[in-house]
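What follows is one structure encoded as structure tokens, with my remarks underneath.
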Amino acid sequence: MTLRLHNTLTGKKEEFKPVEADHVRMYTCGPTVWNYAHVGNLRAFLFYDLVRRHLRVSGYRVTHVMNLTDIDDRILDQAMHAGTTITEYVKPYAQAFFEDMATLRAEHVEHYPRATEHIAEMVDMISTLLQNGNAYIADGDVYFRIASFPKYGELSHLDRAGLKAGARVATDKYDKESVSDFALWKKSQPGDEKIGASWDAPFGRGRPGWHIECSAMSKRYLGATLDIHAGGVDLMFPHHENEIAQSEAANHAPFARVWLHSEHLADATGEKMSKSAGGFTTLRDLVAAGHDPLAVRLFLMANAHYRSRVRLSQEALHASAEQVRRLREFADRVNRATLTDADHAGLVDRTADVRAAYREALDDDLNLPQGLGLVFDHLREANAALDAGRFGPLNKTALLGLIDDVDAHLDVIRAEEPGLADEVERLIAERESARKSRDFARADRIRDELRERGIALEDSREGVRWRRVAPTAAERS
RNA sequence: GGCGACGUAGCCAAGUGGUAAGGCAGAGGUCUGCAAAACCUCCAUCCCCAGUUCGAUUCUGGGCGUCGCCUCCA
């Protein structure tokens, strides 16, 4: 069982081997905090979460860095219009990002560096590039000289000729040597000082270009060579390509050994969800519409393989919610099961098989959808054994193990429920006494009442159970 | 114009050279005071055409369709 990952650099699945045997250094492109993250962004972030969780399952120690881009053209524009500084402007969105990640149960990563707090590192790297002849100053701006880096285009498999033939390469309004040279440093513009977007540098006062932050910050926290660098497919070109050029030209070392790119989330019409295009959905929108964040998590992470496009839809979200419900229902059932002396031996064996197969699916380029399919298939057999009363201690142990394995990635099963409110408990007791006296009308009234408040009751041999469900339509309107 | 991906049941989706996981939705049952949950049963021949092969959904070529990147973007 070895972990294999699809490396964009080679276009193939490769056995994963970090530089240091038991330690993985991973850098992932985080949010630009100029607005709320939309669910497409969140898909990428949850993909990172899947990667880091599975690396840990695989026995690695992980040092994971996710940057926050807190300076870029959009932020500058917005801060300018709002009449505030970029630092102030960005605050609520950075906070919202962390809230969203917490809501979606993404693990905290080791470092969340912000671009504006690492200007010194960027200035250093730009200086090096200038000294090495990989960069030049033109009219106060500093550009990377692509002609000095022959490997340029290797990641995105775009050749220079293709770039030039591109219909929409920016017109040469700057004094660049080549149209595709990109900015490392932009000289201060009139309004920049007022919004706090200007810094001193040996090559003139200004602000960093977009790409340099990732090169500088990854080096600062992880060193010159990363084991894994991940991001959305749209970052492949030019962002990641530029990172490679800057880092390798400055460090004279390979930048990232494995590149992972997650596919887009499409909106309901099938088009890429994009902030600039207007229509996009945030986590807050979905929650406000009554969707369970855990269902959103499962949908984004496991509805489809990370390298295939998915379309956001009510049906798919509902299907994910049902899957969460079934998994939790099952875990609960296993925990409460009345055990028999004899185990169901066949089931014990098959649970072990499924655990192994699940692990293999994840090891095969993180195929969580396939792994989950195996698990659901097995749930049926396990539930049948539970129904039949053939369920012993080994069965329980094995199945709890499987649940743990799955939840190591999904983290939707054992997410703690809010405590049982006293009032709910009282109403359940009340309903029980009504049922005993065969006053079913009253019993049903109580159950309906709770249902409207988002609590479903279920009667079973082991007694009454309750669980949280989406509030009914009557409740929401 | 260049590069690339995808097209599997009503919907989402995994997958393999030997006649296609799983989930949602739907139908019929078992169980239940009624429900719910759970279980049982049913529900596809994999866009089209040609080729390779004993055999292709899976390989090759062509076609049609959808989408992405080449520009800020997860």
Side-chain angles (χ1 to χ4, degrees), chain A residues 11 28-32 34 37-48 69 72-74 153 156-159 161-170 180 210 230-239 241 261-266 269-277 280 298-299 302-305 307-311 313-323 325-327 329-330 332-333 357 361 367-388 435 438-441 443-444 447-448 451 456-461 464-465 467 469:
Chain A
T28 59
C29 288
T32 299
W34 73 291
H38 65 240
V39 283
N41 298 317
L42 297 174
R43 183 189 185 195
F45 303 153
L46 287 180
F47 165 61
Y48 308 157
T69 299
D72 88 324
D73 290 350
R74 291 166 301 185
S156 48
H157 308 109
L158 292 172
D159 59 35
L163 287 178
K164 280 175 189 161
R168 284 174 291 177
V169 168
S180 35
W210 172 38
V233 278
D234 51 359
L235 295 183
M236 202 164 98
F237 187 91
H239 185 54
E241 201 71 72
H261 288 100
S262 65
E263 254 299 345
H264 287 308
L265 177 74
T269 67
E271 309 259 313
K272 169 185 167 183
M273 187 177 290
S274 128
K275 286 180 189 169
S276 16
F280 65 90
L298 190 92
F299 169 73
N303 179 65
H305 183 80
R307 282 191 289 112
S308 67
R309 262 183 288 273
V310 289
R311 189 184 292 218
S313 72
Q314 295 294 319
E315 293 89 339
L317 240 20
H318 174 254
S320 293
E322 279 300 299
Q323 293 191 321
R325 203 212 86 236
R326 288 198 63 187
L327 288 168
E329 198 81 43
F330 178 74
D332 195 40
R333 202 176 172 197
N367 198 336
L368 185 55
Q370 183 178 48
L372 250 196
L374 296 166
V375 171
F376 276 111
D377 196 25
H378 190 61
L379 289 206
R380 200 185 322 113
E381 185 184 358
N383 266 139
L386 252 356
D387 279 351
R435 289 179 76 204
R438 303 190 71 77
D439 182 357
F440 294 119
D444 288 350
R447 183 172 59 189
D448 292 347
R451 180 65 185 76
L457 299 187
E458 290 168 11
D459 301 328
S460 70
R461 275 186 220 88
V464 185
R465 300 177 42 211
R467 63 187 166 87
V469 294

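Just so we're on the same page: letters track the sequence lines, and every chain starts at 1.
Rounded to an integer number of Å, the gap from CD of Gln314(A) to C1' of C12(B) is 14 Å. Whole-Å rounding puts the His264(A) NE2 to C72(B) P distance at 14 Å. Straight-line distance from the CD atom of Glu241(A) to the C1' atom of U71(B): 15 Å, rounded to whole Å. Rounded to whole Å, atom P of G68(B) lies 16 Å from atom CG of Leu235(A). Atom CD in Glu458(A) sits roughly 16 Å away from atom P in G33(B) (whole-Å rounding). The CG atom of Asp234(A) sits 7 Å away from the P atom of C69(B) (whole-angstrom rounding). Atom pair Arg309(A):CZ and G4(B):P shows a separation of 15 Å (rounding to whole Å applied). Atom C1' of nucleotide C11(B) and atom CG of Leu317(A) are separated by 13 Å, given to the nearest angstrom.
Stacking annotation: Phe45(A) is not stacked on the base of A74(B) (requires ring centroids less than 5.5 angstrom apart and an interplanar angle below 30 degrees).
Nucleotides C48(B) and U41(B) place their P atoms 30 Å apart, quoted to the nearest Å. Taking atom P in both A38(B) and A56(B), one finds a spacing of 41 Å when rounded to whole Å. Remark: the separation of the C1' atoms in C11(B) and A44(B) is 14 Å, to the nearest Å. For A36(B) and C31(B), the C1' atoms lie 12 Å apart once the distance is rounded to whole Å. The same atom, P, is picked in A35(B) and in U30(B); the two are 12 Å apart, to the nearest Å. A20(B) and U57(B) are spaced 11 Å apart, taking the P atom of each and rounding to whole Å. Taking atom C1' in both G51(B) and A13(B), one finds a spacing of 30 Å when rounded to whole Å. Nucleotides G18(B) and U45(B) have their C1' atoms positioned 14 Å apart, rounded to a whole Å.
Closest-nucleotide positions on RNA chain B for Gly231(A) and Ser313(A) were compared, and the one nearer the 5' end corresponds to Ser313(A). Each of Ala443(A) and Ser262(A) lies near RNA chain B, and the nucleotide nearest Ala443(A) is the one positioned closer to the 5' end.
Checking C69(B), C72(B), C34(B) against the side-chain heavy atoms of Phe237(A) singles out C69(B) as nearest. Side chain of Asp444(A), nearest nucleotide from C12(B), C34(B), C39(B): C34(B).
Under the ring pair (Phe, Tyr, Trp, His ring centres under 6.0 Å) criterion, His378(A) pairs with no residue at all, not counting sequence neighbours. For Tyr48(A), the ring pair (Phe, Tyr, Trp, His ring centres under 6.0 Å) criterion is met by Phe45(A), not counting sequence neighbours. Listed by chain and residue number, Ser156(A) satisfy the side-chain hydrogen bond (donor to acceptor under 3.5 Å, both in side chains) test with Glu241(A) (two or more places apart in sequence, or in another chain). Partners of Asn367(A) under the side-chain hydrogen bond (donor to acceptor under 3.5 Å, both in side chains) rule, at least two apart in sequence or in another chain, do not exist in this structure. For Phe299(A), the ring pair (Phe, Tyr, Trp, His ring centres under 6.0 Å) test picks out no residue, with sequence neighbours left out.
Pairing for G33(B) is absent, with no Watson-Crick or G-U wobble pair whose two atom distances lie under 3.5 Å. In this structure, G10(B) forms a base pair with C24(B), meeting either the Watson-Crick or the G-U wobble geometry with both donor-acceptor distances under 3.5 Å. Across every strand in view, U19(B) sits unpaired, with no contact that passes the Watson-Crick or G-U test at under 3.5 angstrom. Shown here, G68(B) forms a base pair with C3(B); the pair counts as Watson-Crick or G-U wobble because both key distances fall under 3.5 Å. Checking A74(B) for Watson-Crick or G-U wobble geometry (two distances, each under 3.5 Å) identifies no partner in any strand. When both distances must be under 3.5 Å, the Watson-Crick or G-U wobble mate of C59(B) is G51(B).
Phosphate contact (OP1/OP2 of G15(B), side-chain N/O of Asn367(A), threshold under 4.0 Å): present. Between A14(B) and Ser308(A), a contact under 4.0 Å exists linking OP1 or OP2 to a side-chain N or O.
Using a 4.0 Å cut-off between charged side-chain N and carboxylate O, Arg447(A) and Glu458(A) make no salt bridge. Between Arg451(A) and Asp448(A) there is no salt bridge, since none of the side-chain N atoms of the basic residue sits less than 4.0 Å from a carboxylate O of the acidic one.
Here the side chains of Asn41(A) and Thr32(A) are not in contact, with every heavy-atom distance at 4.5 Å or above. Residues Leu265(A) and Val39(A) have side chains in contact (heavy-atom distance under 4.5 Å, counting atoms from C-beta outward).
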Sequence-aligned protein contact record of nucleotides 19-30 of chain B, with B where the base is within under 4.0 Å of a protein heavy atom and S where only the sugar-phosphate is:
--BSSSS-----

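Taking 3.5 Å as the limit, the base of C72(B) and the side chain of Arg74(A) contain no donor-acceptor pair of atoms between them. For a distance-only test at 3.5 Å, the side chain of Asp459(A) qualifies as a donor-acceptor partner of the base of C34(B).
Formation of a donor-acceptor pair under 3.5 Å by the Arg307(A) side chain with backbone atoms of His261(A) is not found in this model.
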